[in-house]
Amino acid sequence: MTVPAYFTRYPTIRFDRDADGILTMALHKDGGPLTFGAVDHETFVDAFYDVARDRANSVVILTGSGGDFIPAIDFASFGDVSDPDVWSKVHDEGTQVLENIANIRVPMIFALEGRAHVHAEYGLLANLVVAGSSASFDDLPHFAGGIVPGDGVYTLWAHLLGPARAQAMMLDPKPLSAQAAQALGVVAEVVADGAALSRAREIARGWLTRPAVTRRNTRIHFIQPIKERIVREVGYGLALEGASAAALVKSFRAA
């Protein structure tokens with residue numbers, strides 16, 4: 001079986017595809033949890049595009065490594081975010097990565113272990129979330145850090161929970177447990193720690209009993225309303241976020 005070239009193109013994504021076409025994407029840093037940085041922000045745009053256009057993928061499972069999804073972010077790696085040239089790149093990549101995940105045209109599962117405290121929206125674009133019992137969601141980079149949550153994280157939480165609850169979450173960010181997320185309807189199943197990926201693969205194998213066109217078209221149907229919100233909201237939200245990032249830098253310099 002030929003291994004696609006993109007499987008070895010991205011140093012912080014480990015790809016594994018079984019004989020049935022179930023693709024697992026595990027985000028990592030040297031095999032451990034990924035601290036998200038500017039290079040990831042850039043390369044993930046192409047990575048998800050490559051996954052979306054590869055028709056050999058029958059189901060996509062997104063997960064993390066080392067007991068976490070994305071627990072932290074390297075702000076400094078993005079450079080001077082008050083520079084409009086820097087933020088223009090952030091703006092374009094932030095919009096494109098969500099569009100490219102949403103353009104994956106086969107069912108997706110988010111297998112969450114540990115912390116999804118940065119870019120939880122990547123996983124929330126999946127059709128189904130399976131979480132280990134100690135897993136949690138949060139939003140560390142935005143309002144808590146002094147900038148607008150404009151990169152799609154609010155859009156996804158608002159779509160899933162409604163605007164009032166999502167706004168409360170964004171304005172007072174704190175960990176949301178897997179059990180609480182299940183009670184809110186976000187997580188489909190809570191399993192023992194360490195079992196999320198195996199359960200996701202089990203579910204994916206069950207989906208393979210349906211015709212390929214049915215699987216693809218169901219994903220396309222389910223994701224369409226979210227795609228429409230991404231197009232309407234994320235570019236504008238990132239522009240607002242960029243202005244707030246510049247104001248934050250200005251406040252640091254004045255201190």
Side-chain angles (χ1 to χ4, degrees), residues 1-18 21-65 68-79 81 83 85-111 116 118-127 141 150-153 155-156 216 219-220 223-224 226-227 229-231 233-235 237-239 241-242:
M1 184 169 58
T2 303
V3 175
Y6 71 85
F7 276 27
T8 56
R9 191 173 293 153
Y10 305 104
T12 58
I13 306 176
R14 185 172 57 254
F15 294 93
D16 177 68
R17 186 167 66 200
D18 68 15
I22 299 172
L23 176 71
T24 301
M25 302 177 65
L27 310 187
H28 72 99
K29 177 66 174 177
D30 299 325
L34 175 64
T35 295
F36 188 85
V39 172
D40 307 302
H41 200 263
E42 177 180 353
T43 60
F44 284 9
V45 174
D46 291 334
F48 284 109
Y49 175 80
D50 285 336
V51 169
R53 67 189 296 271
D54 186 350
R55 291 184 70 90
N57 296 324
S58 57
V59 178
V60 173
I61 299 172
L62 180 63
T63 191
S65 300
D68 283 302
F69 180 59
I70 308 177
I73 187 167
D74 180 5
F75 281 110
S77 68
F78 289 86
V81 292
D83 182 333
D85 291 324
V86 171
W87 192 262
S88 177
K89 183 173 184 292
V90 172
H91 180 282
D92 290 350
E93 293 167 359
T95 304
Q96 290 169 331
V97 70
L98 292 191
E99 291 175 348
N100 289 348
I101 298 172
N103 280 332
I104 292 173
R105 299 170 78 84
V106 296
M108 283 189 68
I109 303 173
F110 183 30
V118 176
H119 286 306
E121 70 275 11
Y122 293 177
L124 296 178
L125 283 165
N127 300 101
D151 64 350
V153 65
T155 294
L156 265 295
R216 293 180 68 87
R219 164 69 175 181
I220 292 165
I223 200 67
Q224 183 62 29
I226 305 174
K227 291 174 73 171
R229 289 199 64 166
I230 289 170
V231 170
E233 298 175 18
V234 176
L238 278 164
E241 184 174 326

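All figures in this text were calculated on a predicted structure; none of them were measured in a lab.
- The two residues H28 and D30 have their closest heavy-atom pair at ND1-N, 3.5 Å.
- Without hydrogens or angle criteria, T43 side chain to Y10 main chain gives no donor-acceptor distance under 3.5 Å.
- No side-chain heavy atom of I61 sits under 4.5 Å from any side-chain heavy atom of M25.
- To the nearest 0.5 angstrom, I223 atom CD1 is 10.5 Å from I220 atom CD1.
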Worksheet entry | Derivation and outcome, side-chain contact (heavy atoms from CB on, under 4.5 Å), residues E93 and V97 | CA-CA 6 Å; E93 293 167 359; V97 70; over 6 Å; no
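- A donor-acceptor pair under 3.5 Å is formed between the side chain of W87 and the backbone N or O of L238.
- Between V106 and V59, every side-chain heavy-atom pair lies at or beyond the 4.5 Å cut-off.
- The nearest pair of heavy atoms linking I109 to A126 is C-CB, 3.8 Å.
- Proximity of the aromatic rings of F110 and F69 is defined here by a centroid distance below 6.0 angstrom, and this criterion is met.
- By the 4.5 Å heavy-atom criterion applied to side chains, H119 and V153 are not counted as neighbours.
- Annotation: Y6, atom OH; neighbour count of heavy atoms from other residues, nucleotides and ligands within 6.0 Å is above 12.
- A donor-acceptor distance shorter than 3.5 angstrom exists from the side chain of D83 to the backbone of D85, with no hydrogens or angles considered.
- No side-chain donor-acceptor contact under 3.5 Å links T63 to the backbone of A26.
- Taking every heavy atom of both residues into account, G37 and S77 meet most closely at CA-OG, 3.4 Å.
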Worksheet item: Do V51 and V60 pass the side-chain contact (heavy atoms from CB on, under 4.5 Å) test, and can you show the C-alpha distance, the side-chain angles, and the key distance before you say yes or no?
Response: CA-CA 8 Å; V51 169; V60 173; 3.8 Å; yes
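- With salt bridges taken as basic N to acidic carboxylate O contacts below 4.0 Å, none links K29 and D68.
- Side-chain contact, D40 with T12: a donor N or O sits under 3.5 Å from an acceptor N or O.
- A donor-acceptor pair is defined here as one N or O able to donate and one able to accept, closer than 3.5 Å; such a pair exists between the side chain of N127 and the backbone of M108.
- Using modelled atom types, no side-chain atom of N57 and backbone atom of A52 make a donor-acceptor pair closer than 3.5 Å.
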Worksheet item: For Y122 and L124, what are the C-alpha separation, side-chain angles and deciding distance, and is it a side-chain contact (heavy atoms from CB on, under 4.5 Å)?
Response: CA-CA 6 Å; Y122 293 177; L124 296 178; over 6 Å; no
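- For the atom pair CG of N103 and CZ of F48, the computed distance is 12.5 Å after rounding to the nearest 0.5 Å.
- Ring orientation note: the planes of F44 and F36 are nearly perpendicular, at an angle over 60° on the 30°/60° scale.
- Interatomic distance, CZ of R105 versus CZ of R216, reported as 6.5 Å (0.5 Å rounding).
- The minimum heavy-atom distance between D50 and R9, with the atom names listed, is OD2-NH1, 3.0 Å.
- Between the side chain of D18 and the backbone N or O of G21, at least one donor-acceptor pair lies under 3.5 Å.
- Closest non-hydrogen pair, S65 versus G31, comes out as CB-O, 3.8 Å.
- Note on K227 versus E99: no salt bridge recorded, every NZ/NE/NH1/NH2 to OD/OE distance being 4.0 Å or above.
- For the atom pair OG1 (T155) and CG (L98), the distance works out to 8.0 Å, reported to the nearest 0.5 Å.
- With a 6.0 Å radius and a threshold of 12 heavy atoms from other residues, nucleotides or ligands, R14 has its CZ atom above the threshold.
- Test V234, D46, V45, I101 against Q96 for side chain to side chain contact (heavy atoms under 4.5 Å, CB included) and you get one pass: V45.
- Separation of atoms CG (L156) and CD1 (I230) is listed at 6.0 Å; rounding is to 0.5 Å.
- Neither side chain, R17 nor T24, offers a donor N or O lying under 3.5 Å from an acceptor on the other.
- Between D54 and P4, the shortest heavy-atom distance links the atoms OD2-CG, 3.8 Å.
- Under the 4.5 Å side-chain criterion, counting only non-hydrogen atoms from C-beta, L62 is not in contact with L125.
- Looking at heavy atoms from C-beta onward, H41 lies out of side-chain contact with K89 at the 4.5 angstrom threshold.
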